[in-house]
Amino acid sequence: MADDLKLTYGVDLKSFEKQLTAIQKTALPAAQAGYLNAVAFGARKNLQNAFDKEIAGDPVAFTKRGVVVDKATSSGEVEAAVKLLPEQARYLQYPLLGGIRRAGDPGAGRWDVMTDAAERNSYGNVRKGFLKRVSKKAKTERERRAALRHKREELRAAGRSTAKAKWMTSARPPGIFFAEVRHAKAYWQRPSTPGGKLTLLARFSDNAKYKTTINWDAAIQKAVFIESPKAVFDAELRRALAKLPK
């Protein structure tokens, strides 16, 4: 009778070991890679935010796309890297490392470097598109003045009044020109009244000295020392475990 009531208990060790192996070889490396990628993309965002604050003229999308992440994978060495693409790195070296930017260098003009401007955003940087608008107005004025000058010459040659070919009229707003005035090479706004003062719009020099304004290491460290690293890793581990075959 006792033999009939005998129960046999066992553990499926092979299945258990298989599950542990899957966690060790698949889920944990995937969770580690996911965690590192989360940190790397956090650092990338921190750097892009620093660009918004520190780069004169506001960074264009091309500049911000220069920060890239080499993502970690669950195979091989689990490593993620944050880096700058070569073309963007050439002109971002100045706010990142400091130094002297000279005419012809990346981020400078062919003949000079802009060192001051009248219009700035809340961060103290040149407003986006400001220089382009100023230079366009100056070019338009130069062309119109040349046309009127030619017209006046024609009128004089014909012995007629040049009044209708004058540049200065009460209806015409103050113009913009580029010249060196009082040792300052710049775009200038003409005064609205005769005898008034010129307004400096954008000043240029042969070179410009830069201090480090974008702290690469600080942006990385801010991402590494996140508020809850365990929560981030746990979320990545849960995601990896959910992908294991049942």
Chemist: Look only at the side chain of Q189 and the backbone of T199, and say whether a donor-acceptor pair between them is shorter than 3.5 Å.
Modeler: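 Side chain of Q189 to backbone of T199, a donor-acceptor pair under 3.5 Å: no, none is there.
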Chemist: Please find the pair of heavy atoms, one from A43 and one from A223, that lie closest to each other, and give the distance.
Modeler: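 Closest heavy-atom pair between A43 and A223: N-CB, 3.3 Å.
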Chemist: Between atom OG of S161 and atom CZ of R156, what is the distance when rounded to the nearest 0.5 Å?
Modeler: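 Reported to 0.5 Å precision, the distance equals 10.0 Å.
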Chemist: Say whether, by atom type as modelled, one donor and one acceptor occur between the side chain of E141 and the main chain of A138 under 3.5 angstrom.
Modeler: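 Flag not set: sc E141 to bb A138 has no pair under 3.5 Å.
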Chemist: Assess whether atom NZ of K45 is packed by more than 12 heavy atoms of other residues, nucleotides or ligands within 6.0 Å.
Modeler: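 Not buried by this count: 12 neighbours or fewer within 6.0 Å.
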Chemist: Taking side chain as C-beta onward, heavy atoms only, is W188 less than 4.5 Å from L200?
Modeler: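 Yes, side chains in contact.
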Chemist: With the 4.5 Å side-chain cut-off for hydrophobic clustering, are L84 and I220 part of the same group?
Modeler: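 Cluster IDs for L84 and I220 match.
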Chemist: So which atom in D70 and which in K83 form the shortest heavy-atom distance, rounded to 0.1 Å?
Modeler: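 Minimum heavy-atom contact is OD2-NZ, 3.1 Å.
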Chemist: Within this structure, what is the CZ-CG distance for the pair R44 and N49, rounded to the nearest 0.5 Å?
Modeler: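 Spacing of CZ (R44) from CG (N49) equals 11.0 Å.
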Chemist: Looking only at heavy atoms, what is the nearest atom pair of F51 and I214, with distance?
Modeler: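 F51 and I214 have their closest heavy atoms at CD2-CD1, 3.4 Å.
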Chemist: In Å and rounded to the nearest 0.5 Å, what is the CD to CD distance from Q32 to E79?
Modeler: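 Result: 13.0 Å between the selected atoms.
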Chemist: Can you name the nearest heavy-atom pair linking A202 to F130, along with the distance?
Modeler: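 Closest pair (atom of A202, atom of F130, distance): CB-CE2, 4.4 Å.
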Chemist: Mind checking the CD-CZ spacing from E153 to R149? Nearest 0.5 Å is all I need.
Modeler: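 CZ of R149 is found 7.5 Å from CD of E153.
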Chemist: What's the shortest heavy-atom distance between R101 and P95, and which atoms?
Modeler: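 Shortest heavy-atom contact: NH2-CD, 4.5 Å.
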Chemist: Measure the spacing between CZ of F177 and OH of Y187 and express it to the nearest 0.5 Å.
Modeler: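 These two atoms lie 12.0 Å from each other.
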Chemist: If Ile, Leu, Val, Met, Phe, Trp and Tyr residues are connected whenever their side-chain heavy atoms lie under 4.5 Å apart, and connections chain through other members, are L97 and L92 in the same group?
Modeler: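 Yes, L97 and L92 fall within the same hydrophobic cluster.
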Chemist: For A165 and L155, work out which heavy atoms get closest and say how close.
Modeler: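 So the two residues come closest at CB-CD1, 4.0 Å.
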Chemist: Determine, using the 4.5 Å side-chain heavy-atom cutoff (strictly less than), whether V224 and L47 are members of one ILVMFWY cluster.
Modeler: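 Linked, V224 and L47 end up in one cluster.
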Chemist: Would a hydrophobic clustering, with Ile, Leu, Val, Met, Phe, Trp and Tyr connected at side-chain separations under 4.5 Å, put Y35 with L28?
Modeler: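 Yes: a chain of side-chain contacts under 4.5 Å links Y35 to L28.
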Chemist: I'd like to know whether D52 forms a side-chain contact (heavy atoms from CB on, under 4.5 Å) with K64, so could you lay out the CA-CA distance, the side-chain angles of the two residues, the decisive distance to 0.1 Å, and finally the verdict.
Modeler: CA-CA 9 Å; D52 286 334; K64 298 177 79 169; 3.2 Å; yes
Chemist: Are L85 and F62 connected in the hydrophobic side-chain network, where two residues link if heavy atoms are under 4.5 Å apart?
Modeler: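 In one cluster with L85: F62, no.
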Chemist: What I'd like to find out is whether the side chain of L131 reaches to under 4.5 Å of the side chain of F204, using heavy atoms alone.
Modeler: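 Yes; the side chains approach each other to less than 4.5 Å.
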Chemist: Counting heavy atoms not belonging to R133, are there more than 12 under 6.0 Å from its CZ?
Modeler: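 For R133, atom CZ is crowded (more than 12 foreign heavy atoms under 6.0 Å).
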Chemist: I need the T162 OG1 to K164 NZ distance, nearest 0.5 Å.
Modeler: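 These two atoms lie 10.5 Å from each other.
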Chemist: Answer whether the closest heavy-atom distance between the side chains of T212 and L96 falls below 4.5 Å.
Modeler: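 No, too far: nothing below the 4.5 Å cut-off.
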